[in-house]
Amino acid sequence: MSRVLTLTLNPALDLSIRLAELSPGSVNRSEESSMTAAGKGNNVARVLARHSHQVAVSGFLGRDNQAPFERAFHEWGAEDRFIRVAGETRVNVKLSEADGRVTDINGSGAPVDEAAMTQLLDDIEAGADNLHAVVVSGSLPPGVAPEWLSALIGRLRTQGLPVWLDSSGKALVQGTRARPVLIKPNEHELAECVGRPLPDEAALLSAARELQLGGIENVLLSLGAEGVVWLFEGGTLRARPPRVEVVSTVCAGDTLLAGTLHGVLEGWSREKTLRFATALSADAVRRIGVGRSDVEDFTALCDAVCVEALTI
Ligand SMILES: Nc1ncnc2c1ncn2[C@@H]1O[C@H](COP(=O)(O)OP(=O)(O)OP(=O)(O)O)[C@@H](O)[C@H]1O
Ligand SMILES: O=P(O)(O)OC[C@@]1(O)O[C@H](CO)[C@@H](O)[C@@H]1O
């Protein structure tokens with residue numbers, strides 16, 4: 001069992017709605033809806049906790065609607081280290097249609113002030129002992145600058161902690177400057193990160209390699225239904241998932257990251273790790289929420305993942 005801290009600076013309550021087909025501008029009737037304590041880092045925490053890791057969750061949480069988060073952290077067995085801020089944590093709407101199309105409507109988040117940011121830094125510094133990894137995931141709330149994120153990652157690195165980063169836009173650009181040990185961009189995020197369009201797989205791979213040469217040891221490039229490419233020191237692996245029936249792709253990236261971290265923490269080979277993480281994220285798209293490895297066909301799902309070494 002390993003100890004992991006996840007930082008979700010901008011958590012969210014995900015309102016997931018399933019409907020046959022979205023008809024904008026008219027009354028739509030849902031087939032199913034649910035509200036879940038989420039945000040990228042929390043989703044990662046949920047998967048890791050399910051795989052028996054000791055997880056602490058932190059970030060900034062709105063005081064006015066914190067009850068569902070507190071219930072969820074308790075249920076996952078995660079230590080709640082969130083700094084409370086004024087107002088409400090955002091509600092993000094996830095509309096999943098029968099054909100697999102997903103529409104995300106994400107809020108901006110509760111504003112965070114300097115005092116809360118200082119409190120978070122102090123708390124992390126005090127509780128960093130014996131951590132095996134820190135995951136920093138998701139967007140930044142109003143008031144938190146990308147440069148602050150960079151400084152935060154820099155401080156964690158100075159404490160000798162391996163930081164895994166999954167963010168987007170300027171936060172990813174700045175966060176990457178602090179050299180986390182791993183980043184997990186999807187193709188759009190990678191293009192944003194290098195500041196140019198990446199029209200094909202060759203362009204994507206060479207951009208990922210560029211970041212690696214710039215000091216990021218691992219780039220986990222997620223490619224949706226096409227799978228994932230993992231560039232690490234000394235090699236590159238590519239994994240393709242089996243075809244699955246898509247219900248919602250919303251937590252697939254978080255599940256992929258968590259599955260990969262699980263394999264690394266367990267000391268598995270990279271091949272086994274990537275196979276597991278790819279199967280777990282394929283399961284995630286079959287349901288609303290994160291992927292599960294306790295499903296009946298999980299071994300078959302792992303066996304159906306195709307992993308190969310790439311030469312770049
Ligand atoms: N249709 C699919 N079928 C099987 N596996 C999938 C599918 N879509 C995604 N995956 C798996 O999930 C992983 C992550 O997906 P994706 O690249 O869409 O992440 P993302 O853009 O970070 O998603 P999000 O931010 O919504 O969590 C992929 O690398 C792949 O292994
Ligand atoms: O707005 P961000 O922070 O980039 O993403 C937030 C979010 O879309 O990411 C998770 C899925 O990956 C959801 O639980 C959550 O609503």
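Both counts, for ligands and for their atoms, begin at 1 and track the order of listing. Residue indices begin at 1 and follow the sequence shown.
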Nitrogen or oxygen of G224 less than 3.5 angstrom from that of ligand 1: yes

Within-cut-off N or O pair, V244 and ligand 1, under 3.5 Å: no

Nearest non-hydrogen protein atom, atom 8 (O) of ligand 2: K94 NZ, 2.7 Å

Parallel, tilted or perpendicular: rings of W148 and F60 (30°, 60°): tilted

Nearest-neighbour protein heavy atom for atom 13 (C) of ligand 2, which is reported as residue plus atom name and distance: D14 OD2, 3.2 Å

Proximal ligand 1 atoms for P241, defined as those under 4.0 Å from one of its heavy atoms: 4 (C), 5 (N)

Salt bridge flag under 4.0 Å for residues D294 and R292: yes

Ring geometry between W268 and H262 (parallel below 30°, tilted from 30 to 60°, perpendicular above 60°): perpendicular

Sub-3.5 Å N/O-N/O distance, S168 and ligand 2: no

Closest protein heavy atom to atom 2 (P) of ligand 2, given as residue, atom name and distance to 0.1 Å: S139 OG, 3.4 Å

Ligand 1 atoms in contact with V246 (distance to a heavy atom under 4.0 Å): 1 (N)

Under 4.0 Å to a heavy atom of K184 - the qualifying atoms of ligand 1, by number: 22 (O)

Region of A277 that comes within reach of ligand 1 [heavy atoms, distance under 4.0 Å]: neither

Side chain to side chain, V57 and F69, heavy atoms closer than 4.5 Å: no

